[in-house]
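Below: one structure, written as structure tokens.
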Protein chains: 2
Amino acid sequence: MSYANDMPTVEKVVRTDAGLAAELRLSVMRLRRRLANERHPDNELSINQMGVLGCLFRNGGALTIGELAASERVRPPSMTRTVNCLESSGDVVRRPHETDGRQVVVELSDRGRERVLADRDRRDAWLNQKLRDLTAEERAVLRKAAPILQDLAQKD
Amino acid sequence: MSYANDMPTVEKVVRTDAGLAAELRLSVMRLRRRLANERHPDNELSINQMGVLGCLFRNGGALTIGELAASERVRPPSMTRTVNCLESSGDVVRRPHETDGRQVVVELSDRGRERVLADRDRRDAWLNQKLRDLTAEERAVLRKAAPILQDLAQKD
DNA sequence: GGCATGTCGTTAGCATAACTCATTACCTGT
DNA sequence: ACAGGTAATGAGTTATGCTAACGACATGCC
């Protein structure tokens, strides 16, 4: 084992802005991959599907396809497919828009709402556990960082 | 447009630890998707492939498949495939491990090293631009957050 | 009213990137 | 010397995006 015994994979501290983008990108990429893997095994929905349910839940239970797509930053066809899955699993229902016949409103079903509630803590079990292992200061940093990351993703 | 005109998609402030996991997860998911889309168009390598090159670069230019896989948090077969791509594009070379015939050492070629160097700033153009738009304080938060996120991804 | 243009969702086809399972090659310890 | 473990790979599958094209509907202009 003569190669990279220490395996830093990330600098201990990012001191300058020069490397910040690169390190942030790596961190985000890897953590996302980890999160996708660590979903609870007794939950048959993917992390993306749960994301859509959560988005509906936070927004009062009903959004159009386009709004969902914009919110999750995917293209409408991708959201159509995700919604198809959620519909056939019975977690959402489609209904026509009240005034605009082109649009489709996606609504949380009772089952979907139940799932969000039941899953609310459990779905983040892994991450919550890891967060508990952090110091209060580290959690404070992340609490401040989350909205900034969100803004970065949303900008322009 | 009677549905969710405000479209919060993320709470303005994450005040309690209860929601931290959920918000962090959303932020990471969306920013990652954004990063994957915003890669520079004149770079024919994907964000993952560039990640592997960067990893090799930071670790002295040579790691085994297994080490690379562990570092990027993918399974060895996935890394084999990524390395195949990088090999056929001439950015890395495989060579046998000095003492262990089972392992394969992946090494940055001159071309790969060149690409990393040439790409170092450019490849993060989008993120760098967005980072410049932040306040110094916000950048400081992210600078502190990046290693924490990395640790979260790596833990256990 | 009627047509041109635009918007929304969907379908179809494709690309990427991950996974699992099985196989091959090699190492190591008894 | 052989058994069992480990590394890389091959094959097949799944998940998740995308673009292009299309149909249904809305809107604005005459």
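In what follows, chains carry the letters A, B, and so on, assigned in the order in which the sequence lines appear, proteins first and then strands, with residues in each chain numbered from 1. Given the structure is predicted, the values throughout are model-derived calculations rather than measurements.
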Roughly, in whole Å, what's the span from CD in A/E98 to P in D/dC25?
17 Å

In this structure, how many angstroms lie between the P atom of C/dC8 and the CG atom of A/L68, rounded?
14 Å

CD of A/E44 versus C1' of D/dA15: gap in Å, rounded?
15 Å

Sequence neighbours excluded, which residues qualify as salt bridge (Lys or Arg N to Asp or Glu O under 4.0 Å) partners of B/K130?
A/D156

Salt bridge (Lys or Arg N to Asp or Glu O under 4.0 Å) partners for A/R33, two or more places apart:
B/E72

For B/R81, check salt bridge (Lys or Arg N to Asp or Glu O under 4.0 Å) against everything at least two apart and list the hits.
none

Can you find a heavy atom in the side chain of A/K144 that is under 4.5 Å from one in the side chain of A/P147?
no

So A/R32, base contact, sugar-phosphate only, or nothing? Heavy-atom distance under 4.0 Å.
nothing

Take the protein atom CG of A/N37 and the nucleotide atom P of D/dA15, then report the distance between them rounded to whole Å.
14 Å

Kindly say whether B/G90 contributes a backbone atom to a donor-acceptor pair with the side chain of B/S109 at under 3.5 angstrom?
yes

Please state whether the phosphate of D/dT9, meaning OP1 or OP2, lies under 4.0 angstrom from any side-chain nitrogen or oxygen of B/R94.
yes

Closest to side chain of B/R75, choosing from D/dT19, C/dT20, D/dG5
C/dT20

B/R102 has its side chain closest, among D/dT16, C/dT10, D/dT6, to D/dT6

Rounded interatomic separation in angstrom, taking CD from B/Q49 and P from C/dA15:
15 Å

Position toward the 5' end of DNA chain D (nearest nucleotide), A/P76 or A/G101:
A/P76

Return the set of residues passing salt bridge (Lys or Arg N to Asp or Glu O under 4.0 Å) with A/R75 (not counting sequence neighbours), or none when no residue passes.
none

Residues at least two apart in sequence or cross-chain that pass side-chain contact (heavy atoms from CB on, under 4.5 Å) with A/R102, listed by chain then number, are A/D100

Would you kindly give the CD1-to-P distance between B/I65 and D/dG10, to the nearest whole Å?
10 Å

In whole angstroms, the gap separating C1' of C/dG9 from NE2 of A/H97 amounts to 13 Å

May I ask you to list the residues of residues 77-85 of chain B, by number, that have any heavy atom positioned under 4.0 Å from an atom of DNA chain D?
B/P77, B/T80, B/R81

In whole Å, I'd like the distance from the CD atom of A/Q103 to the C1' atom of D/dT27.
13 Å

